[in-house]
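Residues: numbered from 1 along the sequence shown. Counting convention: from 1, in listed order, for ligands and their atoms alike.
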Amino acid sequence: MDRQATVYQPARGGSYLTVDFDLTPFTVAWEITRACALACVHCRAMAIPRRDPRELSTEEGFRVIDQIVEIGRPILVVTGGDPMMRRDVYDLLAYAVSRDLRVALSPSATALVTRRALEKVKNTGIHMIHVSLDGSEPSVHDAFRGVSGSYARTVQILKDVVDLGIPLQVGTTVSRRNVHDLPRIAERVSELGVTVWNVFFLVPTGRGQIADLISPEEHERVLNWLFDLSKTVPFHVRTTAAQHYRRVVIQRTQAGRHGGEAPSGATAYVTGAGYSFRMGEGPVGRGVNDGNGFCFISHIGDVYPSGFLQLSAGNVRDQSLVELYRSSSLFRALRDPSLLKGKCGNCEFRSVCGGSRARAYYLTGDYLESDPSCVYQPRASQP
Ligand code: SF4
């Protein structure tokens with residue numbers, strides 16, 4: 001198992017190899033509010049300045065956490081909007097930790113994230129904090145975030161989190177606006193003592209615009225660059241909404257260069273954040289994708305396959321999360337690679353990759369269609 005796989009493990013010692021995604025997601029993200037003081041140009045949530053009166057209450061939140069325990073104790077990511085806009089955020093975090101969940105918090109970089117607030121967050125016992133950094137300097141980052149001074153505040157928060165000894169994940173959303181700046185952002189990430197760099201690839205939902213998407217060729221170039229970078233830097237490199245990074249990793253490993261077979265004939269694994277690929281018995285693999293090892297609970301309790309694929313399977317106020325994740329037709333379809341269409345449906349990497357179902361949906365109108373951001377030609381369709 002590689003370094004990335006050691007960072008996120010579900011409670012009770014599970015791993016990608018032991019979690020059955022038909023029964024238990026690897027990760028659940030819960031948007032506890034959509035309220036946020038920022039106005040980011042790519043905001044998935046279309047965040048709003050004030051809290052929605054329909055938000056799940058504190059008591060309802062505790063019951064959601066109970067359901068997350070019941071479904072098999074996946075990793076819980078508490079997100080928003082800005083989760084710090086809820087005064088009960090500390091109670092929700094502490095309760096989730098008390099139920100033996102591994103919990104990460106994703107606050108927005110606003111004046112609410114003081115050193116004192118971070119100390120209170122640390123005292124809840126959470127396992128990681130995620131903070132976004134979309135540029136190596138104020139001109140790029142502040143333009144992304146829609147608020148002047150956001151870069152300086154973000155860097156201060158990053159330093160405070162590291163100083164308090166809380167494992168830190170930095171997230172960067174790649175788009176036309178900052179793709180040129182990635183090497184310098186990586187330098188900042190390295191300087192700051194970050195544990196994980198999670199590189200998000202834009203999905204044109206919420207305020208995200210199709211015009212800001214990088215091309216399929218640029219995706220390929222950036223994914224290969226990330227693979228090279230991951231071998232030299234002191235932090236772990238992860239990707240989000242770039243399932244084809246797994247294909248790149250597999251192709252670039254020694255076993256991958258031998259056509260999906262381990263060179264010695266022995267079984268070998270390529271395992272990273274949210275995927276595992278077995279060599280030696282053909283290209284067998286599995287990977288987290290929207291609705292497949294992942295689900296998202298909105299601020300009003302709707303259950304989506306991910307924050308980027310905002311199609312509701314139902315609401316936790318009416319049905320249990322367990323039932324919606326395991327049995328809804330939407331989630332079941334997303335877990336069946338034989339239903340994939342086009343190039344992704346023909347691809348030998350479809351189980352471990354499968355393409356971004358969210359990007360496919362927003363660019364083609366069909367969540368089972370091919371992910372248009374991938375340049376790969378599956379073997380089955382090669383001349
Ligand atoms: S064609 Fe689809 S399944 Fe194959 S590598 Fe590309 S995105 Fe992944």
Looking at F200, I want to see if its CZ is surrounded by more than 12 non-hydrogen atoms of other residues, nucleotides or ligands under 6.0 Å. yes
Between G342, S351, C353, P372, flag the one that comes closest to atom 8 (Fe) of ligand 1 by a heavy atom. C353
Does the plane of the ring in W225 sit parallel, tilted or perpendicular to the ring in W197? Use 30° and 60° as the thresholds. perpendicular
Any idea how Y367 and Y361 line up, ring-wise: parallel (<30°), tilted (30 to 60°), or perpendicular (>60°)? tilted
Ring centroid separation for F294 and F26, is it under 6.0 angstrom? no
Under a 3.5 Å threshold, yes or no: a donor from one side chain and an acceptor from the other, between H299 and E31? yes
Identify, for [atom], the protein heavy atom at the shortest distance, and state residue, atom and that distance.
{"atom": "atom 2 (Fe) of ligand 1", "result": "C344 SG, 2.4 Å"}
{"atom": "atom 4 (Fe) of ligand 1", "result": "C347 SG, 2.4 Å"}
{"atom": "atom 5 (S) of ligand 1", "result": "R247 NE, 3.5 Å"}
{"atom": "atom 6 (Fe) of ligand 1", "result": "C374 SG, 2.3 Å"}
{"atom": "atom 3 (S) of ligand 1", "result": "G354 N, 3.5 Å"}

Just jot down the ligand 1 atoms closer than 4.0 angstrom to any heavy atom of G355, in number order. 7 (S), 8 (Fe)
Please report the shortest heavy-atom distance between L164 and E119, naming the atom on each side. CD2-CG, 3.7 Å
